[in-house]
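Below: the structure, in structure tokens.
What you see is a predicted model, and the numbers here were worked out from it, not measured in a lab. Hydrogens, waters and symmetry mates play no part in the numbers below; they use all other heavy atoms, side chains included.
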Amino acid sequence: MNLEQILEKAKNVRLVAASKYVNAEIIKEFYYKGLSEFGENQVKALSEKKEILKNENLAIKWHFIGTLQSNKINLLIKQRPILWQSCNSLKLAHAVNKRLDYTLDTLLEINSAFEESKSGIEPNKALEEYLQIKEECKNLNLKGVMCIGTHSNDVKMIQKSFETTYKIYENLQKYGANICSMGMSKDFELALKCGSNMLRLGSILFKSP
């Protein structure tokens, strides 16, 4: 699938380029191909790439999409990402909230795959914790949810994880949620069918001809 085909499939949703395996020059190249939102998995890499590109006059919107370690909170806050996609616990929400001196748009990460290797809040606790964070963490502006699809070759299992997350998203819309971030390189077309309105694409994007 080439870049044009990917952009066509994603034309009605927001596309975040997951750029953890590429350098700042490649990010710049893809920016000029029409991408403006880039997501990094590590705070240090986000900081370094942002620094390299700071004089390029590019209107890049940076997302943080990886697991946030507590010793990297201050560095993340300094980067001022437009969206922190991976708030995965009430404890972490409090830790970030108390150090913020601005409002940070945030997504709650749901472990809808029920996999120990994945971080995120259990689906049955998601609604309660979302509302608790909304109430107690005034510097975090919760905008919706994020999940990583089940790591499986069974399409039905992957679909179930997306449907679980989308149902939570639907229940949160009355509380202002408007982002459902689901779908990566291997499963984004399925995620779109399940209601995703934000994709995080890496390998398929950067390896596209």
Side-chain angles (χ1 to χ4, degrees), residues 1-46 48-50 52-53 56 58-68 79 81-86 88 107 109-115 117-120 143-166 169 178-209:
M1 202 181 296
N2 63 31
L3 182 60
E4 207 170 83
Q5 290 169 318
I6 295 166
L7 293 176
E8 176 62 26
K9 285 180 184 291
K11 66 181 177 183
N12 296 319
V13 302
R14 285 171 69 184
L15 173 54
V16 179
S19 47
K20 73 172 179 176
Y21 294 123
V22 299
N23 60 28
E25 274 305 306
I26 303 286
I27 290 173
K28 183 175 152 185
E29 182 187 317
F30 274 79
Y31 176 85
Y32 285 116
K33 287 179 179 179
L35 296 172
S36 62
E37 303 195 55
F38 292 84
E40 286 291 329
N41 286 58
Q42 295 185 341
V43 183
K44 190 168 179 283
L46 170 57
E48 287 169 354
K49 290 173 190 180
K50 196 178 174 190
I52 291 167
L53 294 168
E56 296 283 349
L58 309 177
I60 289 177
K61 297 168 185 166
W62 294 100
H63 295 238
F64 185 67
I65 59 178
T67 301
L68 178 60
Q79 304 317 308
I82 69 148
L83 189 63
W84 171 33
Q85 294 208 27
S86 48
N88 59 25
L107 301 183
E109 183 177 355
I110 315 288
N111 187 356
S112 53
F114 295 98
E115 291 173 353
S117 60
K118 289 182 171 65
S119 57
K143 303 280 285 182
V145 295
M146 180 269 256
C147 83
I148 297 169
T150 303
H151 183 66
S152 170
N153 292 323
D154 186 338
V155 174
K156 285 183 180 173
M157 283 181 71
I158 302 167
Q159 184 170 330
K160 190 178 177 188
S161 64
F162 287 150
E163 287 171 347
T164 298
T165 302
Y166 188 75
Y169 169 65
N178 60 17
I179 297 174
C180 182
S181 176
M182 307 189 297
M184 295 161 68
S185 292
K186 288 182 179 175
D187 54 26
F188 79 95
E189 291 176 271
L190 183 58
L192 288 172
K193 286 177 188 168
C194 294
S196 171
N197 60 18
M198 180 179 280
L199 302 172
R200 308 179 308 277
L201 303 186
S203 57
I204 194 173
L205 207 57
F206 296 110
K207 288 175 185 170
S208 62

Tell me whether the count of non-hydrogen atoms from other residues, nucleotides or ligands lying under 6.0 Å of [atom1] in [X] goes above 12.
{"X": "Glu4", "atom1": "CD", "result": "no"}
{"X": "Tyr21", "atom1": "OH", "result": "no"}
{"X": "Asp154", "atom1": "CG", "result": "yes"}
{"X": "Gln79", "atom1": "CD", "result": "yes"}

Matching residue for Glu109 among Ile148, Val145, Leu68 - test: side-chain contact (heavy atoms from CB on, under 4.5 Å) |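 Passing option: Ile148.
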If every non-hydrogen atom of [X] is compared with every non-hydrogen atom of [Y], which pair is closest and at what distance?
{"X": "Gly149", "Y": "Ala113", "value": "C-CB, 4.5 Å"}
{"X": "Ser36", "Y": "Tyr31", "value": "CA-CD1, 4.1 Å"}
{"X": "Tyr32", "Y": "Leu58", "value": "OH-CD2, 3.3 Å"}
{"X": "Glu40", "Y": "Trp62", "value": "CG-CZ3, 4.1 Å"}
{"X": "Ser196", "Y": "Met182", "value": "OG-O, 2.7 Å"}
{"X": "Leu201", "Y": "Gly183", "value": "CD2-O, 4.2 Å"}

Indicate yes or no: at least one non-hydrogen side-chain atom of Lys9 is less than 4.5 angstrom from one of Phe188.
->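 A side-chain contact exists here, since the closest heavy-atom pair is under 4.5 Å.
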Separation between [atom1] of [X] and [atom2] of [Y], rounded to the nearest 0.5 Å:
{"X": "Lys160", "Y": "Lys156", "atom1": "NZ", "atom2": "NZ", "result": "12.0 Å"}
{"X": "Ser203", "Y": "Lys186", "atom1": "OG", "atom2": "NZ", "result": "7.0 Å"}
{"X": "Phe38", "Y": "His63", "atom1": "CZ", "atom2": "NE2", "result": "10.0 Å"}
{"X": "Phe64", "Y": "Ile82", "atom1": "CZ", "atom2": "CD1", "result": "14.5 Å"}
{"X": "Leu199", "Y": "Leu192", "atom1": "CG", "atom2": "CG", "result": "4.5 Å"}
{"X": "Leu35", "Y": "Leu205", "atom1": "CG", "atom2": "CG", "result": "5.5 Å"}

Those residues that, when tested against Asn41, pass side chain to side chain contact (heavy atoms under 4.5 Å, CB included) (two or more places apart) |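 Per chain and number, Asn41 pairs via side chain to side chain contact (heavy atoms under 4.5 Å, CB included) with Lys20, Ile65.
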Between Phe206 and Phe30, how do the two ring planes meet: parallel, tilted or perpendicular, split at 30° and 60°?
->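 Correct class here is perpendicular.
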So, [X] side chain and [Y] main chain: donor-acceptor pair closer than 3.5 Å or not?
{"X": "Asn197", "Y": "Cys180", "answer": "yes"}
{"X": "Asn88", "Y": "Thr67", "answer": "no"}
{"X": "Ser161", "Y": "Thr150", "answer": "yes"}

Salt bridge (Lys or Arg N to Asp or Glu O under 4.0 Å) involving Glu25 - partner list, sequence neighbours excluded =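 Scan of Glu25 (salt bridge (Lys or Arg N to Asp or Glu O under 4.0 Å), adjacent residues dropped) gives none.
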Criterion side-chain contact (heavy atoms from CB on, under 4.5 Å) on Arg200 and Gln85, from CA distance to verdict | CA-CA 10 Å; Arg200 308 179 308 277; Gln85 294 208 27; 3.3 Å; yes
Return the set of residues passing side chain to side chain donor-acceptor pair (under 3.5 Å) with Lys193 (not counting sequence neighbours), or none when no residue passes.
->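 Testing Lys193 for side chain to side chain donor-acceptor pair (under 3.5 Å), a comparison that skips the adjacent residues, returns none.
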Worked verdict on Lys11 versus Glu8 for salt bridge (charged side-chain N to carboxylate O under 4.0 Å, His left out) = CA-CA 5 Å; Lys11 66 181 177 183; Glu8 176 62 26; 2.9 Å; yes
